[in-house]
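Below is one structure, written out as structure tokens; the observations come after it.
Residues: numbered from 1 along the sequence shown.
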Amino acid sequence: DFHLLSGVRPTNQPTNRIALDAIMGFWGWQWQWQLQVAFAIITTSSVVLSTTATQLYHSPPDSDHQRLSPHHGPVVESVVPWVEDGAARGHSTSRSMPMPSPLHPAAIAAGKQVFAHYMLCFAAFGGHGNTTGYKREMAIAQTAGLDGFAIEYLGRDSYYAPSAAGMFEACEEFNAERPQGTPEFKLFLIINFCCGLNLTDAVLLYKTYHNSSCAHQLDSRPVFSSWSAVDSHLPFQAEAARWEAGFYEPIRTAGLPRPFFLPFIYPANYTNAESPSLEQQNAILDGFGSALDGLWYWGCAPLADAVALSSTATVTACRSAGKFVATPVSGPYSPHTKGNNRYSPSAGGKAVIDTWTEHIASQPDMVIFTTWNDLGEHHYVGPYNLDLNYFDPDNTFPHLAYLELSAYFIRWYKSPPGSPAPVVLEETLFYFYDLQGINNTCVNDPLGPGVVNQDALFPSENALYATVLLRAAATLVMSSGASSEIVSSTFQVPPGLHSFQIARRAGPQQLTLTRGVTLLVNVTGTELVNATHNPTYADRCNHQTFTGYATF
């Protein structure tokens with residue numbers, strides 16, 4: 001069974017909550033093949049939904065990916081302009097991507113790379129030194145096109161030391177066992193000063209792991225990073241001097257190579273902290289000077305249009321300063337905790353698509369997923385193992401559709417600057433929906449309604465979203481709701497990448513793709529809207545996104 005991995009189940013079978021490893025082999029290419037075979041088997045007996053809806057919007061070839069808002073009824077979004085019944089509906093001309101300035105020399109030597117921020121406290125298949133579990137996650141990441149994990153070390157809890165050691169051991173085993181021609185998987189450390197760690201700990205971590213065969217290197221130096229390790233209330237020059245004395249000097253004295261330092265740093269005084277401007281990033285680079293080799297923009301919480309602006313600003317600042325630059329891709333930000341109860345809608349796959357589109361245009365030296373597995377704030381793209389239930393069973397929603405969708409863009413990003421969109425290697429249907437209505441009363445939620453961060457491009461809305469990657473035209477039927485409440489629409493989908501949405505109703509969410517008389521996909525999300533296995537969940541204001549995908 002692959003319900004957790006892909007977020008789908010075959011029609012006419014009961015909803016299940018089965019652990020990820022039920023179908024996955026050890027290597028990523030093995031489980032990907034198994035998924036294709038399993039899906040081909042289970043869909044042969046599926047039934048196509050009948051519908052009287054017609055295609056409302058169609059798209060001519062050759063233009064841009066754009067979304068119109070506000071909207072009413074079914075919506076299609078694609079790599080081309082929007083047309084409604086032959087009449088222009090917010091038509092836009094093609095966006096020409098400017099040729100970016102040259103990459104940093106370290107990126108030219110190593111190639112553009114994609115990493116994922118990894119939290120040691122949330123290993124999907126058992127952490128605390130479980131090398132087999134770590135290798136399974138590495139296989140998933142590498143299959144999607146990732147080059148490694150940026151592993152965060154943020155406290156003195158007893159599991160951090162064995163978890164970090166186990167991760168490096170697993171990486172070395174993974175690389176030793178990899179088939180010929182497969183690239184090595186790499187790691188670099190991020191130290192977080194949020195929870196009692198300091199520069200002495202940073203030096204110790206660097207000394208411990210800098211010489212590992214898995215230690216990622218740029219400019220022939222081991223990469224080291226930090227998060228929340230700079231006090232942005234203080235002048236950046238003073239913080240740079242503190243790092244030089246407390247971090248670099250002990251390393252130099254020990255005769256070790258100077259780290260390639262790639263930190264995330266909040267803007268001065270934490271003003272506009274999550275969406276820094278060009279001026280703010282310039283100020284960090286000017287203040288730190290040679291004390292850093294590059295700058296990483298974190299960018300998990302803002303809406304994707306703000307992330308795109310800050311990413312472009314960070315690339316521009318680093319290019320001007322001659323520094324390496326890393327920018328983010330993230331799942332939707334939706335923590336539901338006391339003191340941080342917020343939600344940033346992603347409009348299905350649009351946030352991921354738009355963020356990758358910006359990166360392809362601006363060409364950062366590295367992209368870092370924020371994050372692979374932050375289960376507390378829910379913007380993860382890696383697997384979530386239901387067997388572990390780090391928090392509670394109502395937080396266990398698969399987000400692997402964001403990772404699988406990103407695999408297409410990773411190939412594009414890693415291509416030479418200015419390259420056209422890559423060919424579709426595997427046809428795939430992705431879908432996304434929130435499990436709660438936007439106007440839930442939240443009578444059983446002690447936290448009450450959270451702060452919804454939204455704008456015209458990314459509104460909070462009751463919608464079922466789909467994104468389709470096709471090599472040839474097909475017909476998509478999207479249905480939401482149960483019995484008399486069901487809403488259903490049909491779309492004629494041309495080849496390429498296209499996104500759609502319809503109004504979402506309580507109950508099951510079903511999607512069907514056909515090509516002529518051939519059934520390609522018939523899937524139903526394993527979670528119902530406002531009717532989950534926990535009846536109190538429908539009354540909570542926890543805006544969690546459920547995702548699924550099917551490759552055929």
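Salt-bridge formation is detected for the pair Asp147/Lys414: a Lys NZ or Arg NE/NH1/NH2 atom is positioned less than 4.0 Å from an Asp or Glu carboxylate oxygen. Salt bridge status for Asp305 with Lys350: absent, with no side-chain N to carboxylate O gap under 4.0 Å. For Asp434 and Arg504, the salt-bridge test fails: no basic side-chain N is under 4.0 Å from an acidic carboxylate O.
Side-chain atoms of Glu358 and Thr312 form a donor-acceptor pair, as typed in the model, at a separation below 3.5 Å.
Ring centers of Phe432 and Tyr465: at least 6.0 Å apart, outside the cut-off. Residues Tyr413 and Phe409 keep their aromatic ring centres 6.0 Å or farther apart.
With sequence neighbours excluded, the residues satisfying side-chain contact (heavy atoms from CB on, under 4.5 Å) with Ser225 are Phe188, Ile190, Trp296. The side-chain contact (heavy atoms from CB on, under 4.5 Å) search around Pro332 returns Ser346, Tyr402, Thr545, not counting sequence neighbours.
If you run ring pair (Phe, Tyr, Trp, His ring centres under 6.0 Å) between Trp227 and each of Tyr266, Phe193, Tyr153, Tyr297, only Tyr266 comes through. Of the candidates Tyr380, Phe369, Trp372, Trp298, His117 forms a ring pair (Phe, Tyr, Trp, His ring centres under 6.0 Å) with just one, namely Trp298.
In this structure, the side chains of Arg221 and Asp293 come closer than 4.5 Å at one or more pairs of heavy atoms.
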Using residues 102-109 as the side-chain source, report each donor-acceptor pair under 3.5 Å to any protein atom, sequence neighbours left out, with the distance given to one decimal.
| from | atom 1 | to | atom 2 | distance (Å) |
| --- | --- | --- | --- | --- |
| His104 | ND1 | Ala106 | N | 2.9 |

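Of all heavy-atom pairs between Ala304 and Phe458, the closest is CB-CZ, 3.6 Å.
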